[in-house]
Amino acid sequence: MRTYRQLWIVLAVVALSACQTARKASQPIEFTILQYNDVYEIAPLEGGKSGGLARVATVKKELLRENPNTIAVLAGDFLSPSVLANLKMANGERISGLQMVETLNAAGLDYATFGNHEFDLKDPGVLQNRINQSKFKYITCNAMRRAGDQIKPFQQQIDGQLRDIPQYVVHEFSNAAGAKVRVGLTGVVLPFNKQDYVSYAPVAASIKEVLGILQSQADVNVAITHLAIDEDKQLAADVPGFALFIGGHDHTNMKYQVGGTAITKADANVKTVYIHRFTYYPKTKKTVLNSTLKTIDDKIADDLATKAVADKWQRDAFKIMEEQGYQPQRQIMMAKTKLECTEYKVRAQQTNMGALTLQGFEAVSPGADVYLLNSGSMRLDDDILGTLTEYDILRTFPFGGAISTMQLPGETLGRVLQAGLVTNVGEGGYMQVRYAEQRDGKWWIKGEMLKNEKTYTVVLPDFVATGKEANLGFLKDFASSQKPNFTVNAATVRNDIRDIAIYYMEQLGTY
Ligand SMILES: [Zn+2]
């Protein structure tokens with residue numbers, strides 16, 4: 001009898017603990033993803049008021065205190081463009097994104113996917129170095145390395161070993177009761193500004209294939225998408241099954257819901273970040289997502305370790321700029337209207353930043369019939385609002401360069417306008433113009449129809465005048481003249497696009 005009773009007690013205890021285990025396993029699990037995208041600046045902008053990776057590092061630490069199940073994800077575009085990236089270090093090598101990698105390492109980034117700008121690095125060896133120097137892990141399901149006629153995954157050195165960059169990872173989180181959730185993460189990039197050493201597999205097919213694998217390996221799926229928003233929406237409709245697209249490329253914050261997929265993008269240069277708080281219910285396999293946009297400004301304290309890294313790079317860069325005769329922190333204008341300088345805009349339409357720069361050309365070199373500026377010389381890929389400093393001009397025009405004057409026959413000017421405003425749409429050779437326009441299929445200069453036999457005075461960057469711009473190589477056969485300096489209202493302005501823009505915008509004061 002006693003033995004039976006003992007057995008019952010044992011069975012009851014077993015049943016009870018099994019029951020408790022089952023209850024534990026069904027407890028919801030909470031986890032947080034900190035999202036940022038399109039970051040070219042390590043330090044705050046707008047006179048120190050907005051952005052700054054040291055502040056983002058503080059936000060990550062606060063989120064970790066709130067919930068240890070926190071990761072930070074960067075949705076592409078960070079190794080370039082940047083004025084710092086083009087500067088040379090003491091050893092003669094270009095910085096090429098090292099300032100960004102070291103600051104992101106300090107800021108506690110966990111995962112990144114490639115944006116189109118990562119492949120702006122011309123030398124795949126430099127890109128490989130930056131990937132290896134990253135403490136965060138890269139994920140991409142559609143960008144591969146082209147080596148001769150072979151297509152192979154990109155690689156990352158982790159713990160001294162070169163490993164293929166994965167198409168996806170499964171990141172596991174658990175709660176205090178020991179219940180687990182497996183989060184599938186994949187990344188995808190659009191084929192924009194294609195680079196020869198990169199093979200871009202089709203976006204939708206690649207992500208669909210990965211989702212097929214993840215469905216048996218993960219409980220919640222998240223894609224890091226470096227795509228234009230229309231593509232994101234189409235992809236979410238065509239490939240359902242992701243709880244979230246952590247988006248990049250668009251530079252302004254936005255949030256959409258397409259079926260079961262939320263799509264979010266924060267503002268470029270960490271002016272804002274997205275915080276995604278997930279709750280996963282194992283019993284029902286349901287996920288609840290609460291996403292909030294957080295402004296990064298001077299109300300957030302700096303993480304001192306991250307700030308030390310960012311400051312070191314910023315100091316070095318400012319020193320190089322000062323050696324070139326600039327005062328990077330000097331305020332030159334107050335932009336009350338947003339100065340438009342995103343790449344997709346300046347390469348396809350006239351923008352106010354292009355117009356202001358061309359007005360500057362006219363201020364130092366008046367009397368020409370047409371003023372031209374190739375959009376490829378504007379590399380900011382962002383908008384500017386508020387305090388405009390010399391540094392903002394330097395990061396807008398990282399290459400600088402002189403402007404030249406040409407006397408061109410009308411027929412040739414017609415060819416220039418056709419290439420610069422029609423053929424080159426979407427490319428760096430697309431022209432910002434002053435005093436020229438197309439109406440009814442004809443070119444008009446200062447309100448008069450272009451005459452083939454007339455000679456026109458054209459002011460344009462020397463880079464374009466010497467035939468280096470796409471579809472404008474024929475210009476090298478025409479003479480151009482160039483002054484080392486301009487004298488305007490008793491001021492001497494060095495003949496460089498950056499100096500001209502600084503001079504003109506300072507005269508304006510506000511815009
Ligand atoms: Zn991009």
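From a predicted model like this one, the values you see are computed outputs, not experimental measurements. Quick note: numbers below take in every heavy atom, side chains included, and nothing from hydrogens, waters or symmetry partners. Indexing begins at 1, ligand by ligand and atom by atom, following the structure's order.
With salt bridges taken as basic N to acidic carboxylate O contacts below 4.0 Å, one links D232 and K265. With respect to R182 and D219, a salt bridge is recorded, a charged nitrogen being found less than 4.0 Å from a carboxylate O.
Between the Zn ion (ligand 1) and the N, O or S atoms of D77, the shortest distance is to OD2. Distances from the Zn ion (ligand 1) to each N, O or S atom of H249 single out ND1 as the nearest.
Counting backbone and side-chain atoms alike, D38 contributes no N/O/S atom closer than 2.8 Å to the Zn ion (ligand 1). Contact annotation: H226 places an N, O or S atom under 2.8 Å from the Zn ion (ligand 1).
For the residue pair Y138/E118, the side-chain donor-acceptor check at 3.5 Å is not satisfied.
Here the options are R146, M144, K194, the test is side-chain contact (heavy atoms from CB on, under 4.5 Å), and the partner is Y200; only K194 passes.
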